[in-house]
Amino acid sequence: MKAKHQRLTLGLLAVAAVLGASGLALSALRTQASFFYSPGDVVRDGLPLGHHVRLGGMVEKGSVRHMPDGITVRFVVTDGKAQVPVRFTGVTPDLFREGSGVVAEGEFQRDGSFIADNLLAKHDARYMPPQVAGKMHETKTLQP
Amino acid sequence: MFHALANPNRFLKLARPATAICLWAGLALIAFGCWAGLTQTPPDYLQGETVRIMYIHVPSAWLGMAGWSSLAIASFSYLVWRHPLAAVAARAIAMPGALFTALCLITGSIWGRPTWGTWWQWDGRLTSMLLLFFVYLAYMALARADRERGGDARIPALFGIAGTVLLPIIHYSVIWWNTLHQGPSITLSGSSIAESILWPLWFTLAGFTLFFAAIVLMRMRAELATQKAEARMRRLTHA
């Protein structure tokens, strides 16, 4: 075997080892590296009580209720497998709306509901002009 | 073809005109793509005008990752075939690669504030991209140390190959894990970006890629010139 071929074999083995390591890291971190719990995870693995966690999923259509105090909002987060009712007090992000993705930071309660102290909007991979989506985007600003 | 270029003089003869072509064609495509992206496309139905940062953010992310892929390929060719220009190429790629990775992180942060409601989160995609930036910096430090100690560039080349461990992690982070970052919009099977919003992106993608190639060629030429000057100095002192 020529030296060049030996180096080529070793090099290819090194690349294979690196890619294998990458795959192992990905699968080992599969559950730990998630940014948030989905409602289905909670049903499967039990409530992570007493921890400050994130809950992510879609805001169920027709579930958003504004409370009379004006800053508290209740809604249901779903991932198609399970639902979690969420209560949040504060200012919601611009992209927070029904049928859209959301990540709530806060704590699970014993009854399975979730009290959030922060909301992040999560958008999907679709981008389209307002005419195609069937609604105009409005830039909302406070009138002086 | 590949081995013919091992002769630095032959490479330089080709690289000189190629630099100019890549640079000016790249800048022209970037200018047109940015103009079209700012004035000729509709806003997004949810994000409004914010979506236009895509025309910078996506090419930056692509070049951050393509930069490391080419750095790894150059390192591999250096280790296996001892191609003398490959080590020069790998070192030349590191700086622009780090630059575009940083640009991707910065534009992503600016984009994240209005859409997600946060500048930064320790999400799988964001964290792995930040790691890639640090790996670029580590490579640059290692390559410089190796050069100053008169090494044969083998250790930086091994590091270049080892760093590829991050590339699949960055790519699959949004598919395999729950992340705040959305999944891929452009895949081999098509795109989930409406055609009327997407088209200027091809211009900025091609433009930034050519611009990147121009920077790499310039840095390679500068490095070869330095090597030549150093060799001449050595001959003069020994004579």
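Here is the naming used below: chain letters follow the sequence lines, and residue numbers restart at 1 for every chain. What you see is a predicted model; the values in this text were computed from it and never measured.
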Angle between ring planes, [X] versus [Y], binned at 30° and 60°: parallel, tilted or perpendicular?
| X | Y | value |
| --- | --- | --- |
| Trp176(B) | Tyr172(B) | tilted |
| Phe32(B) | Trp35(B) | tilted |
| Phe100(B) | Phe212(B) | tilted |

So which of [options] has the biggest tally of heavy-atom pairs under 4.5 Å with chain A?
| options | value |
| --- | --- |
| Leu198(B), Thr115(B), Leu166(B) | Thr115(B) |
| Thr41(B), Thr118(B), Val165(B) | Val165(B) |
| Gly124(B), Ser185(B), Gly183(B), Ser191(B) | Ser185(B) |

Exercise for the section: With chain A as the partner chain, list the residues of residues 152-163 of chain B whose heavy atoms fall under 4.5 Å from it, by residue number, and write 'none' if nothing qualifies. Expected result: Ile161(B), Ala162(B)
Practice task
Decide if the gap between the ring center of Trp177(B) and the ring center of Phe35(A) is smaller than 6.0 angstrom.
Solution key: no
Practice task
Heavy-atom distances under 4.5 Å only: say whether Val51(B) touches chain A with side chain, backbone, both or neither.
Solution key: side chain
Exercise for the section: Please look at Leu180(B) and chain A and tell me whether the side chain, the backbone, both or neither of the residue comes under 4.5 angstrom of a heavy atom of that chain. Expected result: both
Handout entry: Part of Asp41(A) lying under 4.5 Å from any heavy atom of chain B
Key =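 Looking at Asp41(A), just its side chain touches chain B.
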Side-chain heavy-atom pair [X], [Y] within 4.5 angstrom cut-off:
| X | Y | value |
| --- | --- | --- |
| Cys104(B) | Met129(B) | yes |
| Tyr55(B) | Ile197(B) | yes |
| Cys34(B) | Ile56(B) | yes |
| Ile193(B) | Met54(B) | yes |

Flag, side chain of [X] to backbone of [Y], donor-acceptor distance under 3.5 Å:
| X | Y | answer |
| --- | --- | --- |
| Arg7(A) | Leu79(B) | yes |
| Tyr136(B) | Trp68(B) | yes |
| Ser100(A) | Arg97(A) | no |

Practice task
With a 4.5 Å cut-off on heavy-atom pairs, point out which of Leu120(A), Asn118(A), Leu119(A) contacts chain B the most.
Solution key: Leu120(A)
Problem - Residue, of Pro93(A), Gly56(A), Gly101(A), Ala121(A), that accumulates the most heavy atom pairs under 4.5 Å with chain B - result: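 Sorted descending by pairs with chain B, the first entry is Ala121(A).
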Practice task
Might you point out which heavy atoms bring His123(A) and Trp116(B) nearest each other, and give the distance in Å?
Solution key: CD2-NE1, 3.5 Å
Exercise for the section: Could you list which of residues 10-21 of chain A have a heavy atom closer than 4.5 Å to any heavy atom of chain B, in residue-number order? Expected result: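 Gly11(A), Leu12(A), Val15(A), Val18(A), Leu19(A), Ala21(A) fall under the 4.5 Å cut-off.
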Handout entry: Electrostatic pair Arg54(A)-Glu105(A), nearest N-O below 4.0 angstrom
Key =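 So Arg54(A) pairs with Glu105(A) through a salt bridge.
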